[in-house]
2 protein chains.
Amino acid sequence: MTSNSLFTETLPRIQAVDGSWRQRAEARQLELTKPPGSLGRLEEIANRCAAIFESLSFAVTRPRIVVFAADHGVCAEGVNLFPQAVTAQMVLNFLSHGAAINCLARAGGIELKMVDVGMASSLPAIDALIQRRVAPGTRNFCVEPAMTEAETLAAIGVGIEMANQAAADGCTLLGFGEMGIGNTTTASALTAALTGLDAATVTGRGAGADEVIMARKIGAVERALAVHAERLSSPLNMLVCIGGLEIGAMCGFCLGAAANRLPVLTDGFIATSGAALAVKMHPAVRDYLFAAHSSIEPGHKHLLALIGQRPLLDLQMRLGEGTGAALAMKLVEAAVSAFTRMATFTSAGVSGAEIAAGSQ
Amino acid sequence: MTSNSLFTETLPRIQAVDGSWRQRAEARQLELTKPPGSLGRLEEIANRCAAIFESLSFAVTRPRIVVFAADHGVCAEGVNLFPQAVTAQMVLNFLSHGAAINCLARAGGIELKMVDVGMASSLPAIDALIQRRVAPGTRNFCVEPAMTEAETLAAIGVGIEMANQAAADGCTLLGFGEMGIGNTTTASALTAALTGLDAATVTGRGAGADEVIMARKIGAVERALAVHAERLSSPLNMLVCIGGLEIGAMCGFCLGAAANRLPVLTDGFIATSGAALAVKMHPAVRDYLFAAHSSIEPGHKHLLALIGQRPLLDLQMRLGEGTGAALAMKLVEAAVSAFTRMATFTSAGVSGAEIAAGSQ
């Protein structure tokens, strides 16, 4: 199947969840041995999952995080603190289990998949690396479109493929993250295009930019928006003009998760830019998205508003790699466990079912 | 050893952590393959643990949550939504693995211990229940002291004993929670006494109080403060006059955790009232405390200020049982895993060590 047809056949598979399942889940929550509403957002998570799975009895199996890596032509503008070679170096670090996401995934019992969507450096064939190299990085979007439309659809297709594979593997909870030196600048450009906000509002320090690099980042976003102004009317064109290969893949991953009716956790700012593009392509993607955490990147909250999600965690993180998703996955698992495995007032012989039922 | 001597021999064992270990941990963080500071509060957690363990190489082993149950004489004032019998019914539910804390502990691989510090109903001997029944609940503190000093010291001793046992069992991360119908009123009275704030400011809806019950709760707290006004000058006397058996035990558990140099996670409002009393008894207890989450009980934030901790989670929960501690435990485990198992820039061959070192 070509990337193009993968994209076009996936969109119509996405359907909004059936709200009546959420109501059934809410009614079930009142039967469980706790004061009504006392598990707060854990109840909201479980109720949303019930609507996604159309069931009151489901489980988190094979939770999986997919990390998409690629490089960015905009690095030519000097927007990056770390040298571009770090993208591939960090991917090798992932494959050696040495990065933060490896530690968090291992601590959390989470499967990790690493995908090269288009790094500047080509790595040799490595078993654990899923090589789907669309291009050797994007072009510099300050001067030309970042990708061709074919490359963009191919990148989206990589994400859809990974979601389809996860569904086929029996994963029932997905998360995603990214690695790509320079990609906060790309995400800032996309955020500006998606929200209409100006470059300075949605551009942050990324890996730790100083004033000089910050000025370059904002300047690069402003130039990108000016150069491509007439073509930024659709989410697909935004990706073509000012996107990133891994961001396209993450967009596709969200589309694919929704098409397969699987809950999916976004990570930080860059990951959420992919999710926001997917929501723009199909608003029902929102029903499957959970926002893992609130990044300290200033553009993140605007993207979270676009995808209509309140983050589960606020730990002042700004690393990416899927680290926020890995932490939030444990909350989703806990929420599902409580919802599906708690005793009811009746089964446990605990007084108060009538109080619980009456209080909401 | 008598309870009294357990208390008096534990206090001098508590020592403030050595801040130089925190600095060594901060320096180590800069060597790990991530932008400096990018793991946010996970770095703070790990650095604090390094100071507690006086090591840069430690692990979370046998994470354990201890739940303390007891009843409250103030229930005679009609402050409780659920009947008092629910305390023992819920303890039986815990022992049958049917409560929320069971689900969260199971999902998180956390050991759970259940302690009866003084429920009104006496349960038959049950293997999984640690029976340390000091009294059949407290007395109604609106008319008389909740406990004798001997009962109070016995309750504190139960908590110390559980912390000592956890240390002997090789647990390196502790949490605690509670079950006790009516105990939000007790925690509100203690919070008012500890902070000087008025009853209405620190009293909330607990399990779901309506306006009538809310008025009774506030009234009960006001009367308790008036009746015992002259005796509320020390944390021990606060426990005697307006405390709870499980709150005394949680206070003791915090003292014991600190004495054994173990990090310990508080849970919600009631658990934190025990932690705050422990901090009042020995300020260095603060160094060992981590606040799991922010409860929606209005008094909680004032107690968090007293113990000097910012909560890790804000999930709008208000259940108790140690549920917040169970969720936050996974964050501490993740933080420790990242700190102790990540590659360094040098070991992974990733460029940027000099950037990392220079950015802070």
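Lettering follows sequence order; numbering is per chain, from 1. Hydrogens, waters and symmetry mates play no part in the numbers below; they use all other heavy atoms, side chains included. Nothing here was measured: the structure is a model prediction, and the numbers come from that model.
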**Student:** Counting heavy-atom pairs closer than 4.5 Å to chain B, which one of Arg41(A), Glu333(A), His97(A) comes out on top?
**Tutor:**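 Highest number of heavy-atom pairs under 4.5 Å: Arg41(A).
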**Student:** Answer whether the closest heavy-atom distance between the side chains of Pro35(B) and Phe82(A) falls below 4.5 Å.
**Tutor:**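 Of all side-chain heavy-atom pairs linking Phe82(A) with Pro35(B), at least one is under 4.5 Å.
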**Student:** Based on non-hydrogen pairs under 4.5 Å, which of Lys330(B), Gln316(B), Arg106(B), Met90(B) is most in contact with chain A?
**Tutor:**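 Option with the greatest count: Arg106(B).
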**Student:** Counting only non-hydrogen atoms closer than 4.5 Å, does Thr33(B) touch chain A with its backbone (N, CA, C, O), its side chain (CB onward), both, or neither?
**Tutor:**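 Both parts, heavy atoms under 4.5 Å.
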**Student:** Heavy-atom distance under 4.5 Å between the side chains of Leu39(A) and Leu315(B), does that happen here?
**Tutor:**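 The answer is no; the side chains never approach within 4.5 Å.
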**Student:** Heavy-atom distance under 4.5 Å to chain A: side chain of Phe94(B), backbone, both or neither?
**Tutor:**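 Neither part, no heavy atoms under 4.5 Å.
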**Student:** Quick check on the interface: out of Ser337(A), Ala85(A), Ala107(A), Ala348(A), who has the most heavy-atom pairs with chain B under 4.5 Å?
**Tutor:**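 Looking at each option in turn, the highest pair count goes to Ser337(A).
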**Student:** Taking C-beta and beyond as the side chain, do Leu92(B) and Val350(A) meet within less than 4.5 Å on heavy atoms?
**Tutor:**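 The answer is no; the side chains never approach within 4.5 Å.
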**Student:** Nearest heavy-atom pair of Cys103(A) and Arg341(B): which atoms, and what distance?
**Tutor:**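 Between these two residues, the closest heavy atoms are SG-C, 3.7 Å.
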**Student:** Sort out for me which of Ala343(B), Gly206(B), Ala99(B), Gly109(B) touches chain A most, counting heavy-atom pairs under 4.5 Å.
**Tutor:**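 Most heavy-atom pairs under 4.5 Å with chain A: Ala343(B).
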**Student:** Compare every heavy atom of Leu104(B) with every heavy atom of Ala334(A), then report the nearest pair and how far apart it is.
**Tutor:**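 Looking at all heavy atoms of both residues, the closest pair is O-CD2, 3.3 Å.
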**Student:** Given heavy-atom pairs under 4.5 angstrom as the criterion, report whether the side chain, backbone, both or neither of Leu313(B) touches chain A.
**Tutor:**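 The answer is the side chain of Leu313(B).
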**Student:** Counting only non-hydrogen atoms closer than 4.5 Å, does Ala100(B) touch chain A with its backbone (N, CA, C, O), its side chain (CB onward), both, or neither?
**Tutor:**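 For Ala100(B), the contact with chain A is made by backbone and side chain together.
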**Student:** Any donor-acceptor pair under 3.5 Å linking the side chain of Gln89(B) with the backbone of Ser351(A)?
**Tutor:**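 Pair found, side chain donor or acceptor close to backbone of Ser351(A).
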**Student:** What part of Leu312(B) lies closer than 4.5 angstrom to a heavy atom of chain A: side chain, backbone, both or neither?
**Tutor:**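 Answer is both: backbone and side chain atoms of Leu312(B) are under 4.5 Å from chain A.
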**Student:** Measure the CD1-OG distance between Ile296(A) and Ser38(B) for me, rounded to the nearest 0.5 Å.
**Tutor:**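 Reported value, rounded in 0.5 Å steps: 9.0 Å.
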